[in-house]
2 protein chains.
Amino acid sequence: MRATIRDVAREAGVSIATVSRVMRDSEAVRPATRDKVRAAAAALEFVPSQLGRQLAERRHAANGIVFPDLSGPYYAEVVLGYESVAAELGRSVLILSTRGRDDADAAVQAMAERCDGLVILGRTVSDESVERLAARGANVVLVARPPVGGVDAVNAENRISAQALTQHLLDLGAHRLVFVGDPSTSPDVAERFAGVQEVSHDVELHHVDDLDETAGAHLVGDYLTRALPDAFVCANDELALGMLGRLRAAGVDIPGRVKVTGWDDVMAARYAGLTTVRQPMRALGSTAARLLDELIVGTRSTPRHEVLPTQLVIRTSTTLGKEHA
Amino acid sequence: MRATIRDVAREAGVSIATVSRVMRDSEAVRPATRDKVRAAAAALEFVPSQLGRQLAERRHAANGIVFPDLSGPYYAEVVLGYESVAAELGRSVLILSTRGRDDADAAVQAMAERCDGLVILGRTVSDESVERLAARGANVVLVARPPVGGVDAVNAENRISAQALTQHLLDLGAHRLVFVGDPSTSPDVAERFAGVQEVSHDVELHHVDDLDETAGAHLVGDYLTRALPDAFVCANDELALGMLGRLRAAGVDIPGRVKVTGWDDVMAARYAGLTTVRQPMRALGSTAARLLDELIVGTRSTPRHEVLPTQLVIRTSTTLGKEHA
DNA sequence: TTGAAAGCGATACCAT
DNA sequence: ATGGTATCGCTTTCAA
């Protein structure tokens with residue numbers, strides 16, 4: 001059995017209170033006593049039990065993070081940004097993936113019992129679930145998800161980058177645009193669409209239910225028989241990559257005949273030469289970690305909503321002129 | 001303040017022992033009493049404290065996982081496979097990324113204090129650190145890392161797939177091979193090289209220090225001025241992708257003039273049409289989770305070493321004949 | 001500076 | 001079927 005604080009106290013001939021003080025070098029302990037305790041602790045290979053400590057301090061010293069998935073760089077990077085700051089702050093990170101889980105809401109509530117606060121990415125759990133957490137007094141920060149009343153949130157900017165992206169297309173002479181996606185499903189997409197509309201007068205909306213490659217590849221068929229627009233502005237990269245592949249397979253000149261843009265800058269976007277918008281993924285995670293820490297230590301009580309700037313990444317799917325890696 | 005088990009006991013007019021029984025529906029409790037307790041618990045919105053419970057049960061009900069990174073699908077998938085099984089087993093998952101951390105060993109030791117067992121991926125921590133954990137009685141499973149004496153390990157098969165990959169090249173008429181990588185840095189690479197050598201008599205070794213895209217692109221230069229082999233067998237996909245890009249840029253016919261293969265099947269490999277070897281990443285994670293659970297619950301004490309089969313993925317970087325998605 | 005003792009919030013053994 | 005009570009291993013007053 002492992003040594004406990006009492007074993008060390010006995011070995012060193014002091015009280016457990018003193019051992020505790022030494023182990024956390026909190027209050028002042030006379031050097032002689034301190035060394036005596038340290039020696040005893042070393043001799044017994046004493047390592048304080050986190051369980052005992054946590055109960056006494058009534059804190060987990062751990063943060064949670066809930067995400068849909070880790071495939072693709074998006075959430076993975078956010079998680080890493082979060083973890084690195086959490087580690088700096090001396091807190092462990094608990095993860096919960098909701099992919100393929102039907103009891104996501106219950107799982108999140110359970111997770112909340114095992115940490116001092118958590119970050120929720122995207123549309124992983126219902127708004128009611130988030131509100132229940134908040135009502136229960138849990139420390140919560142939302143990331144990449146529309147703010148829910150009174151809860152902290154961190155998001156990437158959409159509108160301004162959508163405007164920049166659109167202006168980029170107009171500058172290249174592409175005026176007839178088609179926005180591919182469904183603004184009603186996500187506030188992010190809605191903002192992107194709004195941004196595009198603010199700059200372009202000639203933008204048509206093509207609704208698609210699933211924002212994945214299959215959907216992208218599929219909808220190209222409609223346009224091959226009809227007339228192609230000057231550019232497809234897709235709600236995300238998956239969609240754009242699907243379209244790109246299908247268009248190229250059909251022998252359509254890109255970016256000559258039609259230009260294609262995505263959103264997110266997933267790794268494959270680079271290989272496919274897709275012009276897109278990159279989000280500050282690590283910063284989303286680290287910012288969330290800091291906001292959460294403020295809530296946990298009680299520095300702040302008024303909710304905050306941070307919006308982080310994004311970056312337009314120009315590649316060959318829109319212009320051969322200024323290609324970037 | 002939140003209600004404790006004592007509040008509920010008082011409210012329901014029973015002992016805390018009975019409340020505990022009801023909350024965990026462990027032993028039999030008379031229905032009438034049970035309902036009374038349930039009502040009281042509901043009225044007080046009582047949720048058992050995990051901290052109290054964990055100390056009493058002397059277990060964290062959490063597993064750890066240590067990985068170098070989450071960029072790229074490899075570790076991310078392993079983590080997901082691990083998390084899903086851990087969740088099934090009712091355990092939370094703590095993560096620790098060693099990327100950009102100089103105190104990895106210390107961090108891992110600390111993490112071991114906060115969970116009932118942990119999985120270590122790749123070369124994240126030193127062998128001494130692993131041995132220290134084992135000596136301390138921690139439950140440890142290694143993944144994608146050569147086994148350390150007496151510690152469980154799960155790895156992907158290398159040799160046989162390397163043989164299959166090589167045979168595939170020979171079948172296509174590619175006899176003069178160059179293996180790119182450094183077998184001395186990693187047992188995985190060493191096994192892959194050995195597998196290649198067992199099938200091909202004409203394989204040259206090209207040492208590179210970094211197994212990344214830059215290195216791959218860079219070393220192509222050497223061959224453009226000299227003679228190209230029939231095929232480059234790269235130690236991993238990054239390397240292969242770097243070479244592929246550079247070769248194509250130089251106008252070299254692939255797979256006609258030279259074939260290129262990688263290892264890992266990262267997402268970009270698919271877009272680049274790279275023939276490679278896919279590892280069962282999720283299975284690595286889930287297998288590790290099960291092995292770890294056996295250690296934790298004490299079902300097993302003799303160390304095990306699992307080797308999971310891999311899969312050859314043939315794409316256009318070796319043959320246009322049987323292209324796969 | 002140090003120690004005694006009271007929690008922290010559960011679980012679990014032993015009676016009843 | 002229940003209750004009383006002793007842990008679990010630490011932190012933290014409060015005195016001395």
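Residue numbering restarts at 1 for every chain, and letters A, B, ... go by the order of the sequence lines.
- Rounding to whole angstrom units, CD of residue A/Gln50 and P of D/dC8 are separated by 18 Å.
- One can place CD of A/Gln54 at 17 Å from C1' of D/dT12, the figure rounded to the nearest angstrom.
- With 3.5 Å as the limit, one finds a donor-acceptor pair spanning the side chains of B/Asn155 and B/His305.
- Of all heavy-atom pairs spanning A/Pro146 and A/Pro187, the tightest one is CG-CG, 3.4 Å.
- Residues from residues 6-30 of chain B lying near DNA chain D, meaning a heavy-atom separation below 4.0 Å, are B/Gly13, B/Val14, B/Ser15, B/Ile16, B/Ala17, B/Thr18, B/Arg21, B/Ala28, B/Val29, B/Arg30 in numerical order.
- B/Leu121 CG to B/Met281 CE: the interatomic distance, rounded to the nearest 0.5 Å, is 12.0 Å.
- Comparing C/dT11, D/dG9, C/dG9 by their nearest atom to the side chain of B/Ser49 picks out C/dG9.
- Rounded to a whole Å, the CZ atom of B/Arg2 is 13 Å from the C1' atom of C/dA10.
- Whole-Å rounding puts the A/Ile5 CD1 to D/dT12 C1' distance at 11 Å.
- The phosphate of D/dT11 (OP1 or OP2) has a side-chain N or O of A/Arg53 nearer than 4.0 angstrom.
- Going from atom CZ of A/Arg58 over to atom P of D/dT13 covers 10 Å, rounded to whole Å.
- B/His60 places its NE2 atom 11 Å from the P atom of D/dC10, with the value rounded to the nearest Å.
- Side-chain N/O atoms of A/Ser92 and B/Arg114 include a donor and acceptor closer than 3.5 Å.
- Counting only heavy atoms from C-beta on, A/Thr33 has its side chain closest to C/dT1 among C/dT1, C/dT11, D/dG9.
- Looking at heavy-atom distances under 4.0 Å, A/Leu51 makes no contact with the nucleic acid at all.
- Atom CG in B/Leu55 sits about 12 Å away from atom P in C/dG9, given to the nearest Å.
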(request) Please assess B/Arg290 against B/Glu306 for the test side-chain contact (heavy atoms from CB on, under 4.5 Å), listing each intermediate value before the final yes or no. (result) CA-CA 11 Å; B/Arg290 289 186 219 290; B/Glu306 305 262 345; over 6 Å; no
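- The minimum heavy-atom distance between B/Leu284 and B/Ala156, with the atom names listed, is CD2-N, 4.0 Å.
- Rounded to whole angstrom, the span from the CZ atom of B/Arg59 across to the P atom of C/dA10 amounts to 16 Å.
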(message) Using the rule given for side-chain contact (heavy atoms from CB on, under 4.5 Å), can you reason through A/Leu51 versus B/Glu57, listing the C-alpha separation, both sets of side-chain angles and the distance that settles it, and then say yes or no?
(response) CA-CA 10 Å; A/Leu51 293 179; B/Glu57 295 179 338; over 6 Å; no
